[in-house]
Amino acid sequence: MRVPVAPLLISGMHVTFNLAADLDAALKAAATTAGLEADAFNPEVRPADPRHGDFQANGVLGYAKARKLNPRATAEQLVSALPDTLREGYDVSIAGPGFINFTLKPATLLAWLQTHDTAAHLKSGAAALYHGRRYVVDYGSPNTAKQMHVGHVRSIVIGEAICRLLAFCGAEVTRDNHLGDWGTQFGMILYGYRHFLDHAALARDPLEEFERLYKVANAACKADPAKLEQARLELVRLQQGDADAVALWQQVNQLSIDSLKAIYDRLGVTYDFFLGESFYRDRVAAIYHELTEAGLAVESQGALVVFHPEHPRFATQPFIIRKSDGASNYASTDLATMAYRVEHFSADGIIVVTDTRQNDHFEQLWLTTQKWFSATNRRLPEFQHVTFGTILGEDGKAIKTRSGDPIKLQDLLDEAEERAFALVTEKSPDLPEADRRDIANAVGLGAVRYADLSQNRSSDYVFNWDKILSFDGNTAPYLLYAVTRVHSIFRKAGLDPKDSAATAGANAFESEHELALSRKLAGLPAVLNTTTAQLRPHFLSTYLYELAGTFSSFYAAEKVIVDEAPVRARRLLLCARTLLFLETGLHLLGLRTLARM
RNA sequence: GCUUCUGUAGCACAAUGGAUAGUGUAGUGGCCUCCGAAGCCAUUGAUCCGGGUUCGACUCCCGGCGGAAGCACCA
């Protein structure tokens, strides 16, 4: 866990964002004071089950056991060495075999919530986590001259959430779309373009037309060897840099990128770069040379490959970096990409978001990169291959249309909005159509996104429209509804949730539901920590769902707009912060929130 | 065959080695003269099997069984 060095509580009034980091630092200091072997002591502070407290420190158990000490006695020593400033903020107790439990006092909760009052303040609090680190995130990565399909959803949605999360937590993030814009398919596409182009169709939807051209050309070449030869020559010309072929290829790619951007816009995704495979094609020769010089690459069956003798499988399963026909492939361009991202973007971390089927490739890529960088004195970045499973249909197989084709991404998003529109119209028939369209856009696209982000990306998941558009359970509609309810409270009261006047004069929380909600809110920093540490957005999703549920319980149990001013103020404070945290969190996941629906 | 991912209530999903394994749906029973009932409250029900490591295992290791995927020039 990456934790910042943070100052301790100052008399309960000014509190730092990351409470767990405060406790961690305080316990380490207490270990020294109490005469423990401080270097060997890890407090292991983590969020606790609310029944036990807000945080628990488990480190004493292992420490005491290893030294044959009584863990409870060691815990006593530690606790009594904690500074008074910390004890003013928490109730501290020792439980069971030696857990140290910390429960935030109501006044501390109040101070923490008053301090963290805007998205900007939350962001500056979270920025300690990744401050000063540069990440290149590679996600999306479709082929050009082809429409995106449902298989691209997860990479886009998960990748974008990761970018937003890291940026929120202080990192400098570069979004790079590693397009598949170079390869043998272009012989066929260029041949098709020259002989079968439908200009009207190209103007209407370039990607659909390119896909059609590929199919038509492919069929024509199968029927006629002479045409096949022409298509092959088209590819040769392109690879040899023939000006005419290159110009046409560039035109196809530019039109493709423009069309892709339209869908990314729809999803609120903006890339900094579209550096596809073609960008690296002049850089692969140097890699063949360097890897051969370093003794890493060898000729095998006519191809240039890298083996990893120390590895049980990759000792014999080759990493092919140059095909036997002399052409590069994605292994060579990916190696070039690694070097470019370190050298050009000064990346501290490289994150690639692809489906789990590419595991072997990226494991081989990383093994090779480490040896290659070491041999050539390059700086080694962190590398994370963020994988995800398959989206399944109701039959448990990869989701397809009835005719067996992949579902086009465009069609999926259209259907999401249509279905959401029907739901909104059913629930709120009195709203003007333009409003219902806008709500349907947020709900429909949000539902598709949230379906992906709310579960562990490692697993496959079953896609079901009724489930993801349901208002019950861990869904986008439920969360968006919770947001609108909070907005509604302020609207009814004639107040602005961002205006601190409404919450001024709040006194400390008292009721069970007030305390439960305030404590849930104080759990945000720890959630950001685990979400970014594992690059698993579902941790944040689960938190937001629980927060919405805790709010709903509070809201059902406690009247907010009451006569007693301090009580009204503190409850409005809870509402304002719930709104802020829900909206901030949902925006990090890429969802658009609504004031009414 | 080798490897990776994955097995948790009828179904769909949670659980950075920590305390009594959480939630949703479906089932049952309650709650709107009251800030949005698209909601809330209560209740029934589960860790694939067998070993091991650990003070402590859904989690880590080993061996089975089931599902998905990858394994020489597609990405």
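Below, chains carry the letters A, B, ... as their sequence lines are ordered, and counting in each starts from 1.
For the residue pair A:Asn441 and A:Arg592, a side-chain donor N or O sits within less than 3.5 Å of a side-chain acceptor on the partner.
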Enumerate, atom names and distances included, each donor-acceptor pair closer than 3.5 Å involving a side-chain atom of residues 386-397 of chain A, sequence neighbours excluded.
| from | atom 1 | to | atom 2 | distance (Å) |
| --- | --- | --- | --- | --- |
| A:Glu394 | OE2 | A:Asn464 | ND2 | 2.8 |
| A:Asp395 | OD1 | A:Lys397 | N | 3.0 |

Result block: side-chain N/O donor-acceptor pairs under 3.5 angstrom for residues 51-62 of chain A, not counting sequence neighbours:
| from | atom 1 | to | atom 2 | distance (Å) |
| --- | --- | --- | --- | --- |
| A:Arg51 | NE | A:Asp49 | OD1 | 3.1 |
| A:Arg51 | NE | A:Asp49 | OD2 | 3.3 |
| A:Arg51 | NH2 | A:Asp49 | OD2 | 2.6 |
| A:Asp54 | OD1 | A:Arg519 | NE | 2.7 |
| A:Asp54 | OD1 | A:Arg519 | NH2 | 3.4 |
| A:Asp54 | OD2 | A:Leu104 | N | 2.7 |
| A:Asp54 | OD2 | A:Arg519 | NE | 3.4 |
| A:Gln56 | NE2 | A:Asn58 | OD1 | 3.0 |

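As judged by a 4.0 angstrom heavy-atom cut-off over every strand, A:Asp181 is placed among residues making no nucleic acid contact. As judged by a 4.0 angstrom heavy-atom cut-off over every strand, A:Ala95 is placed among the base-contacting residues. Base contact: A:Gln56 has a heavy atom under 4.0 Å from a base atom. If you check every strand for non-hydrogen atoms under 4.0 Å, A:Asn474 touches nothing. Among the atoms of the strands shown, base atoms are found under 4.0 Å from some heavy atom of A:Ser488. Among the protein residues, A:Asn464 comes within range of no part of the nucleic acid, since none of its heavy atoms lies under 4.0 Å from any strand.
Side-chain contact between A:Met597 and A:Val424 is absent, with no heavy atoms from C-beta onward closer than 4.5 Å.
Remark: the separation of the C1' atoms in B:G39 and B:G64 is 48 Å, to the nearest Å. Distance check on atom C1': B:G17 versus B:A9 gives 25 Å, rounded to whole Å. Look at the C1' atom in both B:G36 and B:A46: the space between them is 36 Å, to the nearest Å. Using atom C1' as the reference point in both B:G63 and B:C55, the two lie 27 Å apart (nearest Å). The gap from the P atom of B:A12 to that of B:C71 amounts to 28 Å, rounded to the nearest Å. Spacing of C1' atoms, B:C35 relative to B:G10, comes out at 39 Å, to the nearest Å. Across B:A42 and B:U59, the matching C1' atoms stand 32 Å from one another, rounded to whole Å. For the P atom pair drawn from B:G52 and B:C58, the interatomic distance equals 15 Å after rounding to whole Å.
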Given side-chain hydrogen bond (donor to acceptor under 3.5 Å, both in side chains), test A:Asn253 with A:Ser256 step by step and report yes or no.
-> CA-CA 5 Å; A:Asn253 275 328; A:Ser256 295; 4.8 Å; no
Begin with the C-alpha distance, continue with both residues' side-chain angles, and end with the deciding distance and a verdict on side-chain hydrogen bond (donor to acceptor under 3.5 Å, both in side chains) for A:Asp138 and A:Ser141.
-> CA-CA 7 Å; A:Asp138 171 347; A:Ser141 312; 2.9 Å; yes
side-chain hydrogen bond (donor to acceptor under 3.5 Å, both in side chains) between A:Tyr280 and A:Asp334, worked out | CA-CA 8 Å; A:Tyr280 298 98; A:Asp334 277 359; over 6 Å; no
Taking it one step at a time, do A:Ser324 and A:Gln301 satisfy side-chain hydrogen bond (donor to acceptor under 3.5 Å, both in side chains)?
-> CA-CA 7 Å; A:Ser324 53; A:Gln301 300 179 25; over 6 Å; no
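Counted within 6.0 Å of CZ on A:Arg596, heavy atoms from surrounding residues, nucleotides or ligands total 12 or fewer; the atom is thus considered open. Counted within 6.0 Å of CD on A:Glu299, heavy atoms from surrounding residues, nucleotides or ligands total more than 12; the atom is thus considered enclosed.
Applying a 4.0 Å cut-off to non-hydrogen atoms, the residues of residues 558-566 of chain A that approach RNA chain B are A:Glu558, A:Lys559, A:Val560, A:Ile561, listed by residue number.
Look at CD on A:Gln534: it is 13 Å from P on B:A14, rounded to the nearest Å. As a whole-Å value, the separation of A:Glu546 CD from B:G24 C1' is 12 Å.
Scanning all heavy atoms of the two residues, the minimum distance from A:Glu277 to A:Trp182 falls at OE1-O, 3.4 Å. When all heavy atoms of A:Ala502 and A:Leu572 are compared, the closest pair comes out as O-CD1, 3.6 Å.
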Tell me, for nucleotides 37-47 of chain B in 5' to 3' order, what letter each nucleotide earns: B for a base near a protein heavy atom under 4.0 Å, S for only sugar-phosphate near one, - for neither?
-> SBSSS------
When you check every protein heavy atom under 4.0 Å of nucleotides 28-33 of chain B, what one-letter string (B, S, -) results, 5' to 3'?
-> ------
Protein-to-nucleotide contact annotation, 5' to 3' order, nucleotides 63-75 of chain B [B base; S sugar-phosphate only; - none; under 4.0 Å, heavy atom] = -----SSSSBBSB
In 5'-to-3' order, the base (B), backbone-only (S) or no-contact (-) status of each nucleotide in nucleotides 55-60 of chain B, using a 4.0 angstrom heavy-atom cut-off, is B-----
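In terms of the side-chain contact (heavy atoms from CB on, under 4.5 Å) criterion, residue partners of A:Asn456 (sequence neighbours excluded) are, by chain and number, A:Ser458, A:Ser459, A:Arg536, A:His538. A:Arg570 is linked by a salt bridge (Lys or Arg N to Asp or Glu O under 4.0 Å) to A:Glu510, A:Glu514, counting only residues two or more places apart in sequence or in another chain. Among residues two or more places apart in sequence or in another chain, the salt bridge (Lys or Arg N to Asp or Glu O under 4.0 Å) test is passed with A:Asp181 by none.
Heavy-atom distances to RNA chain B give each of A:Ser458 and A:Asp49 a nearest nucleotide, and the one nearer the 5′ end belongs to A:Ser458. Each of A:Thr542 and A:Tyr545 was assigned the nucleotide of RNA chain B with the nearest heavy atom; the assignment lying further toward the 5' end belongs to A:Thr542.
For B:A15, the OP1/OP2 oxygens have a side-chain nitrogen or oxygen of A:His538 closer than 4.0 Å.
In textbook terms, a nucleotide whose glycosidic angle is within 90° of 0 is syn, and B:C32 is one such case.
Here side-chain hydrogen bond (donor to acceptor under 3.5 Å, both in side chains) pairs that include residues 309-321 of chain A, with residues two or more places apart or in two chains, are A:Glu310-A:Lys371, A:His311-A:Glu363, A:Arg313-A:Asp360, A:Gln317-A:Asp360.
Residue-to-nucleotide contacts include a donor-acceptor pair under 3.5 Å from the side chain of A:Asn101 to the base of B:A19.
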Both distances under 3.5 Å, Watson-Crick or G-U wobble: on that basis, could you give the dot-bracket string for RNA chain B, with [ ] for crossing pairs and | for other-strand partners?
-> (((((((..((((....[...)))).(((((.......)))))....(((((..]....))))))))))))....
